[in-house]
Asks: 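The structure under discussion is supplied below as structure tokens; questions concerning it will follow.
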Amino acid sequence: MGLFCLLIGYLAYFQIVKSDTVINSSYNSRLDLYAERVIRGDILSADGEVLATTDVAEDGTETRSYPYGRMFAHAVGYSNNGKGGVESSCNFNLLRSHTFFLNQIVNDLKDEKNMGDSVVTTLDYDVQAAAYNALGDNDGAVVVLEASTGKVIAMVSKPDYDPNTLADNWDSIVNDESSTVLLNRVTSGSYPPGSVFKIFTILEYVHENLNYDSYTFECEGELSVDGNEIHCYHNSVHGTEDLITSFANSCNTSYANIGLTLNVNQFSSLLDDMLFNTTLPGTLSGTSSSFSLSSSDGTAKIMQTAIGQGDTTVTPLHMAMIAAAIDQDGVAYTPYIVDHIENENGTLVRQYSSSEYGLLMSESDASLLQEYMSAVVSYGTATALSGQSYSAAGKTGSAEYDSAGNSHGWFIGYGSKDGYSDIAIAVIVEDGGSGSSSAVPVAKAVFDVYFNQ
């Protein structure tokens, strides 16, 4: 009887909880049968723009069309030669029809297909366009989250592709070992964090030092310890600094000095709490951010790690989640990109809602970081965001990626304005040099559009 009850319980769990996941698998041939009876539904932005649709010719030939081409490529995805993006994650929903049942009966009798349901995303067309255009010809990524819900407002990854011609170019793309156009850098781009990592370094220092306000450091542009040298960006000399000015000016030598004082094991534990070395929550998770540091590591690695170099890597989506949690007093929300499913007449089929992941940091930790990130905008490395109609806070970064000293430009942060939901953003501009000059202008373009809609 016990075994029988367990079997019934599992079958109920499978049908109620797991069935959509199993049906939506690309290995499930059952979906091919759905496609024989249903016209693939549309994918829409939150403001009603059609991002993907199926054009049906007079002879019944179906062609998947993407009106905005490259702009939404990695977010919306593709449906030929496999599937990606929303086309993949919502494949089952797009091939399912909730057309009025009498119409379905008539269509079946006439041997005509029913119209599939539409997927309405959380993407904002204007914000997506602003992020896409601001990134320009640079490779990199931009992701914008509604901080209080985890909604993905914009998701841009470059280099990109045109989903309208992807099938024609598929062989040349997959046979080009150097091509990364199919990689969604927002979820799966693995980058050194550079100075944006100082957010974590400062938290650990504050946890270990009750008198952190008394910290001072004399920056001379370089720091040499045991024959290992750390330089500030372009060998800038910042002079006498305390903890907050070290953060605002992104002083590498000061943070290398701080790193040498930290308890490595406690630091590693903090990073685990911050979702390093684990899969991010939600269906958008891709590559995990990684952190590796032990008490046996030498001075060089500790100094490099403290300033966001060394073996540490992060993804833009992870960094946007961190920025959103700081804005929300430490509470993190699971990122999601689908708002609801509706039938061809706009009748709601399924509503998705935000999901609170939990506390990534205490409210006092978040408050301190809010103060420090505001200083970055007020008088630090992101002053281009000050004096606007909205308030912004954040952290810039210049992340070296080769032995020649070339670097990517980073900015992570958040913005707020009365009457608007707060948004968090992560921007990386590959080979952009300093985050101040390359990534901050991208963030500003996004904030300018969002907070003036």
Side-chain angles (χ1 to χ4, degrees), residues 74-75 122 131 140-157 183-204 267-293 305 307-328 330-337 354-361 365-366 369 373 393-397 399 401 408-414 423-430 435 439 442-443:
H74 289 93
T122 58
V142 184
V143 58
V144 184
L145 304 177
E146 187 175 74
S148 61
T149 62
K151 286 183 180 179
V152 178
I153 306 299
M155 178 186 286
V156 174
S157 175
L183 176 70
N184 185 345
R185 282 159 160 76
V186 169
T187 60
S188 300
S190 187
Y191 297 99
S195 292
V196 298
F197 185 80
K198 292 171 183 173
I199 286 173
F200 308 109
T201 305
I202 198 65
L203 272 188
E204 181 58 31
F267 197 17
S268 297
S269 179
L270 171 72
L271 271 295
D272 289 341
D273 293 340
M274 294 293 173
L275 303 179
F276 279 77
N277 302 321
T278 189
T279 302
L280 294 181
T283 59
L284 292 175
S285 59
T287 303
S288 299
S289 296
S290 64
F291 175 83
S292 174
L293 190 65
T305 301
I307 65 171
Q309 297 292 161
D311 297 328
T312 307
T313 61
V314 297
T315 66
L317 181 62
H318 183 194
M319 292 298 95
M321 278 189 68
I322 295 296
I326 294 169
D327 175 72
Q328 294 296 301
V331 179
Y333 290 84
T334 300
Y336 68 106
I337 199 170
S354 64
S355 173
E356 182 180 310
Y357 173 78
L359 275 175
L360 290 189
M361 64 192 75
D365 283 348
L369 289 175
M373 292 168 75
K395 183 71 189 77
T396 59
Y401 62 88
H408 303 315
W410 272 102
F411 177 80
I412 70 170
Y414 55 88
I423 56 171
I425 188 170
V427 178
I428 184 165
V429 181
E430 294 184 14
V442 177

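FYI, the numbering just counts along the sequence from 1. What you see is a predicted model; the values in this text were computed from it and never measured.
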Asks: For Glu430, which residues count as a side chain to side chain donor-acceptor pair (under 3.5 Å) partner, sequence neighbours excluded?
Replies: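 For Glu430 the side chain to side chain donor-acceptor pair (under 3.5 Å) partners, ignoring immediate neighbours, are Arg185, Tyr191.
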Asks: Just jot down the side chain to side chain contact (heavy atoms under 4.5 Å, CB included) partners of Ser190, sequence neighbours excluded, or say none.
Replies: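 Side chain to side chain contact (heavy atoms under 4.5 Å, CB included) check on Ser190 returns Thr287, Thr313.
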Asks: If you take all heavy atoms of Met321 and Ala332, which pair is closest and at what distance?
Replies: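 Heavy atoms only, the tightest pair is CE-CB, 4.4 Å.
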Asks: Table please: side-chain donor-acceptor pairs of residues 267-275 below 3.5 Å, with sequence neighbours left out.
Replies:
residue : atom : partner : partner atom : Å
Ser268  : OG   : Val264  : O            : 3.1
Ser268  : OG   : Leu293  : O            : 3.1

Asks: Ignoring hydrogens, what is the shortest heavy-atom contact between Ala399 and Pro192? Give both atom names and the distance.
Replies: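 Shortest heavy-atom contact: CB-O, 3.1 Å.
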Asks: Who pairs with Ser289 by side chain to side chain contact (heavy atoms under 4.5 Å, CB included), at least two apart in sequence or on another chain?
Replies: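 Ser289 satisfies side chain to side chain contact (heavy atoms under 4.5 Å, CB included) with Phe276, Val314, Thr315, His318 only.
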Asks: Rounded to the nearest 0.5 Å, how far apart are NZ of Lys395 and CD1 of Ile412?
Replies: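 CD1 of Ile412 is found 9.0 Å from NZ of Lys395.
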Asks: Can you name the side chain to side chain contact (heavy atoms under 4.5 Å, CB included) partners of Asn184, sequence neighbours left out?
Replies: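 With sequence neighbours excluded, Asn184 shows a side chain to side chain contact (heavy atoms under 4.5 Å, CB included) to His74, Met155, Ser157, Val186, Thr187, given in chain and number order.
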Asks: Considering all heavy atoms of both residues, which atom of Thr149 and which atom of Tyr336 are nearest to each other, and what is their separation?
Replies: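 The pair with the smallest heavy-atom distance is O-CE2, 3.5 Å.
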Asks: Does a donor on one side chain sit under 3.5 Å from an acceptor on the other, for Thr201 and Lys198?
Replies: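 Judged by distance alone, the side chains do not pair up.
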Asks: As an exercise, state the distance from CZ of Phe200 to CG of Leu369, rounded to the nearest 0.5 Å.
Replies: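 Between Phe200 CZ and Leu369 CG, I get 9.0 Å after rounding to 0.5 Å.
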Asks: More than 12 heavy atoms of other residues, nucleotides or ligands under 6.0 Å from OH of Tyr401: is that the case?
Replies: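 Above 12, so yes.
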Asks: Between CG of Leu284 and CG of Leu317, what distance do you get to the nearest 0.5 Å?
Replies: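 Between atom CG of Leu284 and atom CG of Leu317 there are 6.5 Å.
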Asks: Specify the closest pair of heavy atoms between Ala424 and Ala320, including all atoms of both residues, with the distance to one decimal.
Replies: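 That closest heavy-atom pairing would be CB-O, 3.8 Å.
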Asks: If you look at every heavy atom in Ala366 and Gly330, which pair is closest and at what distance?
Replies: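 Taking every non-hydrogen atom into account, CB-N, 3.5 Å.
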Asks: Report the C-alpha separation of Thr279 and Ser288 in whole Å, then their side-chain angles, then the decisive distance to 0.1 Å, and conclude whether the side chain to side chain contact (heavy atoms under 4.5 Å, CB included) test is met.
Replies: CA-CA 5 Å; Thr279 302; Ser288 299; 4.1 Å; yes
Asks: Please, which pairs that meet salt bridge (Lys or Arg N to Asp or Glu O under 4.0 Å) have at least one residue in residues 144-154, sequence neighbours excluded?
Replies: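 Output for this query lists Lys151-Asp339.
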Asks: Closest approach of Val152 and Thr122, non-hydrogen atoms and distance?
Replies: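 In terms of heavy atoms, the two residues are closest at O-OG1, 2.6 Å.
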Asks: With a 4.5 Å heavy-atom cut-off, do Leu145 and Tyr414 have their side chains touching?
Replies: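 Leu145 does not reach Tyr414 side chain to side chain.
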Asks: Assess the residue pair Val442 and Phe411 against the criterion (side chain to side chain contact (heavy atoms under 4.5 Å, CB included)); give the C-alpha distance rounded to whole Å, side-chain angles, the decisive distance to 0.1 Å, and a yes or no.
Replies: CA-CA 9 Å; Val442 177; Phe411 177 80; over 6 Å; no
Asks: Got a donor-acceptor contact below 3.5 angstrom from the Trp410 side chain to the Ala426 backbone?
Replies: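 Side chain of Trp410 to backbone of Ala426, a donor-acceptor pair under 3.5 Å: no, none is there.
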Asks: Hey, could you give me the CE/CD1 distance between Met373 and Ile202, rounded to the nearest 0.5 Å?
Replies: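 So the gap between those two atoms works out to 13.0 Å.
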Asks: Partners of Ser292 by side chain to side chain contact (heavy atoms under 4.5 Å, CB included), sequence neighbours excluded?
Replies: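 Side chain to side chain contact (heavy atoms under 4.5 Å, CB included) list for Ser292, sorted by chain: Lys301.
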Asks: What do the steps show when you test Ile326 against Ile199 for side chain to side chain contact (heavy atoms under 4.5 Å, CB included), and what is the final call?
Replies: CA-CA 10 Å; Ile326 294 169; Ile199 286 173; 4.2 Å; yes
